[in-house]
Amino acid sequence: MKYQDIIYEKKDNVAVITINRPDKLNVLTNNTAKEIMDALVKADMDDDVRVIIITGSGRAFCAGIDVSEFAEMMKDRFKFYKGRRRWLEIYKIANEIENTLKPTIAAVNGYALGGGFEIALSCDIIIASEKAQFGFPEVTLGGMPGAGGTQRLGELIGKNRVKELIFTGKRITAEEGYKMGFVNKVVKAEELMNEAFSLAESIAKNAPIAVMLAKIAINKGFETSLDIGLSYENDLNFILYFTEDREEGLKAFREKRTPEFKGR
Ligand code: COA
């Protein structure tokens, strides 16, 4: 697939997906969403890629769904409603990111609003520039978050804080996001990508299958009971004993050297 709205790059073991419609604040059209999903599959299937960074170009990470596309959809609302699971790629994107097997980092450079906030929340880790702003402005436009905003934030900051953000539609700073607990780290704007790469590298040097299975166990744990979560953890942990990397990790420890993990 040839990309028009995103840039896909690889540096060492890190893939970077940059949403690249800066004049429109990187808002999501169906095409942008399709391209991001294509790039996610590409990164997930590439043995050289161990971590995926998602960022935006210009002054926005992503200012949400391109509302100009809604006018067309509103012309035949019943058809729009019936087809809601089929043709709105935009609403699938957060799930696709969350279900990506490799760890994902959102490097939030500016506005992360609506669907943009939902993309950031579906990543495993959020690093934000001090210039970043987060918010769910949907109700100010007569809508509501539709790609996980009402669901994914609660477990990070609590139900009442999510309600305040969604009901008011107000924007908050990266620092406020950090204090609330959904931003992992706030950095100077010019250091954002270096910080994201440095974090990505500190993950990429570890055993990829171990990181992947730990991600699955953590995510499942938030969706299920403690008993089932612990059972997932137990099964996945013991699967690691079949991997060459587990052997290599233990051997390197005994030999007092850095392990060389191969993802096998
Ligand atoms: N859909 C479509 N176009 C959008 C957009 C969106 N969600 N958000 C921004 N844009 C476009 C603007 O129309 C403008 O295009 P133009 O130059 O052709 O007129 C361009 O992006 C730049 O935005 P602008 O509003 O001029 O920048 P600003 O700095 O004055 O304001 C925001 C920035 C983010 C505060 C403002 O653009 C905004 O509120 N956007 C809507 C965000 C939103 O509601 N997202 C959720 C949608 S459900």
Side-chain angles (χ1 to χ4, degrees), residues 3-7 17-37 54-77 79-81 83-98 106-123 126 128-154 156-157 161-177 180 182-183 186 189 192:
Y3 300 138
Q4 291 175 336
D5 298 348
I6 67 163
I7 301 168
I17 299 171
T18 307
I19 311 173
N20 189 36
R21 299 178 71 216
D23 51 328
K24 294 286 178 192
L25 305 183
N26 302 323
V27 292
L28 297 169
T29 61
N30 256 351
N31 183 63
T32 319
K34 276 185 192 154
E35 291 186 10
I36 295 172
M37 289 197 277
I54 301 179
T55 191
S57 58
R59 62 195 178 96
F61 174 72
C62 168
I65 289 180
D66 189 331
V67 292
S68 61
E69 287 201 334
F70 283 176
E72 196 52 40
M73 294 167 177
M74 294 286 278
K75 283 184 188 156
D76 188 345
R77 296 167 198 201
K79 183 174 165 210
F80 178 35
Y81 180 76
R84 67 197 183 281
R85 299 241 194 281
R86 297 277 166 262
W87 39 289
L88 276 187
E89 300 299 333
I90 305 165
Y91 291 120
K92 296 179 196 157
I93 194 170
N95 273 355
E96 292 292 325
I97 295 171
E98 192 169 70
V108 181
N109 48 306
Y111 293 115
L113 304 177
F117 193 1
E118 286 165 322
I119 287 181
L121 286 172
S122 58
C123 289
I126 300 179
S129 146
E130 60 196 351
K131 292 188 177 160
Q133 287 190 35
F134 299 84
F136 285 119
E138 285 88 343
V139 295
T140 69
L141 301 170
M144 62 176 271
T150 63
Q151 306 297 308
R152 284 200 174 88
L153 192 53
L156 296 169
I157 69 172
R161 284 185 161 153
V162 182
K163 285 177 180 165
E164 186 183 342
L165 279 182
I166 291 179
F167 295 173
T168 61
K170 72 178 179 185
R171 298 201 293 264
I172 58 167
T173 63
E175 197 53 44
E176 286 172 297
M180 284 182 181
F182 69 84
V183 169
V186 183
L192 179 67

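Residue numbers run from 1 in the order of the sequence given. As the structure is a prediction and not an experimental result, all values here were calculated from the model. In listed order, ligands and their atoms are each counted from 1.
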Go through ligand 1 atom by atom and flag the ones less than 4.0 Å from a non-hydrogen atom of [X].
X    : result
D66  : 1 (N), 2 (C)
D23  : 20 (C), 21 (O), 22 (C)
P137 : 43 (C), 44 (O), 45 (N), 46 (C)
R171 : 35 (C)

_Point-to-point distance, once rounded to the nearest 0.5 Å, from SG of C62 to CD1 of I93_ =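 It comes to 8.0 Å.
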*With rounding to the nearest 0.5 Å, note down the distance linking CD1 in I119 to CG in L113.*
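CG of L113 is found 11.5 Å from CD1 of I119.
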*Pairs touching residues 161-173 that satisfy salt bridge (Lys or Arg N to Asp or Glu O under 4.0 Å), sequence neighbours left out*: E164-K170
Would you check whether [X] has a nitrogen or oxygen atom less than 3.5 angstrom from a nitrogen or oxygen atom of ligand 1?
X    : result
K24  : yes
G114 : no
L141 : no

*asked:* Strictly by side chain to side chain donor-acceptor pair (under 3.5 Å), give each pair with a member in residues 135-150 just once, sequence neighbours left out.
replied: none
What residue and atom, counting heavy atoms only, is the protein's closest point to [atom], and at what distance?
atom                    : value
atom 25 (O) of ligand 1 : L25 CD1, 4.9 Å
atom 42 (C) of ligand 1 : A63 O, 3.5 Å
atom 30 (O) of ligand 1 : R59 NH2, 4.8 Å
atom 31 (O) of ligand 1 : Y111 OH, 4.4 Å
atom 48 (S) of ligand 1 : E138 CG, 3.8 Å
atom 38 (C) of ligand 1 : L113 CD1, 4.8 Å
atom 1 (N) of ligand 1  : V67 N, 3.0 Å

*Has T140 got any heavy atom lying under 4.0 angstrom from an atom of ligand 1?*
no
_Just so I know, are the side chains of S129 and V108 near enough to count as touching, which here means a heavy-atom distance under 4.5 Å?_
no
Do protein heavy atoms approach [atom] to less than 4.0 Å?
atom                    : result
atom 7 (N) of ligand 1  : yes
atom 14 (C) of ligand 1 : no
atom 36 (C) of ligand 1 : no
atom 45 (N) of ligand 1 : yes
atom 28 (P) of ligand 1 : yes
atom 18 (O) of ligand 1 : yes

*Taking all heavy atoms of A106 and all of A120, pick out the closest pair and write down the distance.*
CB-CA, 3.9 Å
_Looking at every non-hydrogen atom in both residues, tell me the closest pair between A60 and L25 and how far apart they are._
CB-O, 3.4 Å
*Do T18 and N20 have a side chain donor and acceptor closer than 3.5 Å?*
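Result is no, nothing qualifies.
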Test item: [X] side-chain N/O and [Y] main-chain N/O as donor-acceptor pair under 3.5 Å:
X   : Y   : result
D66 : V27 : no
E96 : M37 : no
R77 : M74 : yes

*Heavy-atom contacts under 4.0 Å between V27 and ligand 1: side chain, backbone, both, or neither?*
side chain
*When you look for heavy atoms under 4.0 Å from ligand 1, do you find them on the side chain of R21, its backbone, both, or neither?*
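It is neither part, as no heavy atom is under 4.0 Å.
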*side-chain hydrogen bond (donor to acceptor under 3.5 Å, both in side chains) between E35 and T32: does it pass, once the steps are laid out?*
CA-CA 5 Å; E35 291 186 10; T32 319; over 6 Å; no
*Charged N to carboxylate O below 4.0 Å: is that the case for D5 and K34?*
no
*Can you check whether F117 and F136 have ring centres sitting under 6.0 Å from each other?*
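Ring-ring flag for F117/F136: true, centres closer than 6.0 Å.
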